[in-house]
Amino acid sequence: MAINDGDVQRRTDNPGSQSALRQDNQQRVLAALVSAGPSSQAELSRHTGLSTATISNIVRELAERGLVSTSPSTSSGRRALSVRLSSNGAIAVGVSFSRSHLRLVVTSPDYSVLAEECVDFAPQTPVTEAVDVAAALLPDLCRRHGLADAALLGVGVAVPAPVDRNAGAVLEGSAVPDWAGVRATDLEDRFRSAVYIDNDADLGALAEITWGTHGGAKHLVFVTVSGGIGAGLILGGAPYRGNIGITGEIGHLPVGDPELLCRCGRAGCLETVASTRSMIDLLRPVTGAATSTDDIIGAAQRGEAATLGVVERAGRAIGHALAIVTILVNPGVLVIGGPLVPLGEILLAPIRQSLAAHSIERVTRSTELVFSELGDRGHALGAASLVLQQPGIPLLRW
Ligand SMILES: [Zn+2]
C-alpha cells in the first residue's frame, strides 16, 4: 500500500500519553470512514463519540498526512465539510447477480466508482456461465479504464439467496436455485482474488449506509423487490445477522394470496403476489404474451388497468409485510430497492397506505419510507463495501 507510514508500529509505549490518545482517535475516525463511507464532520462526531472540535483537529491532521481529503458540501441545508478516505491505488470490486443480469463495479477505498458495467443474459442461464461472464469482464473493464495495475483487495459477490456467512456458502431457497451450494472459495479461482459472498438484500442495506444518502441511519431496513423479495436490516448502526445469518426473508411472510403456491412450498407468501416473477405470471393470462419487468413499468405508466391492478395489489401486500417489520424493529428508515423503483408513486402509494393501515400510528409517523436512490446499483455497491470492510484488508494498515 502506498499509504502505510508505519505510525501504528511506532506507537508509544505509554498508552495514557497525549500522543497515544491522538493516534487512537485518528484510528477511530479512519475506521468510521471505512464503515460509513464519506461523512460530514458532524456524522463523524456521532459515529465516534468524539466532540466536533476534536474531529475537526483530527481531520486536519489526517488531511495533512494525505490520508483523507475534504470537500465542501451541505448537510441539512447548512454548509458542511465532507470527509473521505484518500484513494490509495487499491480497488475493491462488487458484482451482483440476478436472474437476468449481472452488474460489476470497480471502486476505490474513498468510496468512488472507477468503472461499472451491466450485462444482460437469458433468465435460464446457468450460474457457472454467469460467473464466467463476470470473471472475464473484470480484467477487461480494468484494462479499458487504465486500472490493470491496481492492487485488487477482493471481489464481493451479491447473490439472490440466503448465505451461510460462517461457511461462505450459498444456501437453498433462492429465486435462482442453482446458486445453492456455491462457495466463495469456488469463485476465487475464477476471479483470481479473495471473494466474499453475501445475500443481495443485506448488501443493499449496507450500500444505503455507505454509498447512499442514509449514512447516519442507525436503524434502517432495505427491501429488495425483484424475482424474489428480501430485506436487509441495519440495527444499532450495524448489519443485523441473526442467529444463523438468515434474516429478513420477508418474501415468505403470509400476506400474499392464500390460493397461490409459493416457490418455498407453502401458500400465501408475500412473493405470490409481489415478486416481479409472480406479477409477470399474474399478467400473462391478461396480456397473452411474455412480459418483462420493463413491460410492467411501461404499461403501468401508460395507465393500463390490469397492470395497475397487479401493481397496486403487490404494493398493498408489501406494505402489510413492512407493517410487521416496523412493529418488530421500529426502524427510522424503510428503503425500497430493485427494478420496480421507476414506478414511483404508482407503487409507493399503496405501500404507504397499507403500511399505515397495518402498523402502529406513532411508529409509521416516525418512519421514513423512500425508494433507493442507488437504483439497480445498490447490491453491487454493497458487495464492494463488503470487501472494503473486511477485517485485515490492507486498507486499514495506516
Ligand atoms: Zn414462500
Side-chain angles (χ1 to χ4, degrees), residues 95-103 118-127 129-131 133-134 157-163 170-180 182 197-205 222-232 246 248-253 255-257 260-266 268-284 287 290-300 307 310-311 313-315 317-318 321 335-343 347 351 371-372 374-380 382-383:
V95 194
S96 64
F97 292 93
S98 75
R99 284 174 77 226
S100 58
H101 70 273
L102 68 89
R103 180 179 295 275
C118 188
V119 179
D120 292 322
F121 44 74
Q124 303 306 326
T125 302
V127 161
E129 244 174 71
V131 169
V133 171
V157 175
V159 293
V163 170
V170 183
L171 300 168
E172 287 180 13
S174 171
V176 186
D178 62 340
W179 269 111
V182 173
I197 198 162
D198 208 340
N199 171 261
D200 57 6
D202 288 345
L203 291 175
F222 172 83
V223 180
T224 185
V225 181
S226 184
I229 298 175
I246 303 175
E249 291 289 331
I250 65 166
H252 304 287
L253 281 174
V255 295
D257 185 335
L260 295 176
L261 200 63
C262 178
R263 63 186 168 86
C264 72
R266 286 170 303 170
C269 295
L270 171 62
E271 286 191 10
T272 60
V273 295
S275 73
T276 54
R277 196 159 56 159
S278 295
M279 293 167 78
I280 288 167
D281 286 346
L282 291 166
L283 281 167
R284 190 170 292 119
T287 62
T291 308
S292 70
T293 306
D294 286 343
D295 294 335
I296 292 177
I297 294 167
T307 305
V310 165
V311 170
R313 187 187 190 198
I318 293 166
V335 186
I336 315 279
L340 296 179
V341 166
L343 281 172
L347 178 62
I351 294 177
F371 276 131
S372 173
L374 299 175
D376 240 5
R377 311 164 75 206
H379 298 162

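Side chains included, hydrogens not; waters and symmetry mates left out as well; all remaining heavy atoms used. When a residue number appears, it is its place in the shown sequence, counting from 1.
Between E172 and A180, the shortest heavy-atom distance links the atoms CG-CB, 3.8 Å. Closest approach of P339 and I297 over heavy atoms only: O-CD1, 3.3 Å. The minimum heavy-atom distance linking P162 with N199 is given by the pair N-ND2, 4.1 Å. Counting all heavy atoms, side chain and backbone alike, A158 lies closest to A383 at N-CB, 4.1 Å. Minimum interatomic distance between A299 and T307 (heavy atoms only, all atoms of both residues): CB-OG1, 3.5 Å. For the residue pair L203 and V157, the shortest heavy atom distance occurs at CD1-O, 3.9 Å.
Distance check, rounded to the nearest 0.5 Å: CD1 of I296 to CD1 of I280 gives 5.0 Å. Note: R99 CZ to T276 OG1 = 7.0 Å, rounded to the nearest 0.5 Å. The CD1 atom of I336 sits 10.0 Å away from atom OG of S372, with the distance rounded to the nearest 0.5 Å. Expressed to the nearest 0.5 Å, how far CZ of R103 lies from NE2 of H379 amounts to 11.0 Å. Distance check: L340 CG to M279 CE gives 5.5 Å after rounding to the nearest 0.5 Å. Going from atom CG of D200 over to atom OG of S98 covers 8.5 Å, rounded to the nearest 0.5 Å.
For the pair C269 and C264, the minimum side-chain heavy-atom distance is below 4.5 Å. Two residues are said to be in side-chain contact when any heavy atoms from C-beta on lie closer than 4.5 Å; D295 and L283 fail this criterion. Contact of the F97 side chain with the V127 side chain is not registered, since no non-hydrogen atoms from C-beta on lie closer than 4.5 Å.
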Test L347 against V225 for side-chain contact (heavy atoms from CB on, under 4.5 Å), laying out the working first. CA-CA 11 Å; L347 178 62; V225 181; 5.6 Å; no
Determine, step by step, whether E271 and E249 satisfy the side-chain contact (heavy atoms from CB on, under 4.5 Å) criterion, reporting the C-alpha distance in whole Å, the side-chain angles of both residues, the deciding distance to 0.1 Å, and the verdict. CA-CA 10 Å; E271 286 191 10; E249 291 289 331; 5.8 Å; no
Let's go through L270 and I318 carefully: what are the C-alpha distance in whole Å and the side-chain angles of both, what is the deciding distance for side-chain contact (heavy atoms from CB on, under 4.5 Å) to 0.1 Å, and is it a yes or a no? CA-CA 7 Å; L270 171 62; I318 293 166; 4.2 Å; yes
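For the residue pair S278/D281, the side-chain donor-acceptor check at 3.5 Å is not satisfied.
Side-chain atoms of T224 never come within 3.5 Å of backbone atoms of G338 as a donor-acceptor pair (strictly under, hydrogens ignored). Not one N or O on the side chain of D178 forms a donor-acceptor pair closer than 3.5 Å with the backbone of P126. Under the 3.5 Å distance criterion, the side-chain polar atoms of D257 are left unmatched by any main-chain donor or acceptor of G268.
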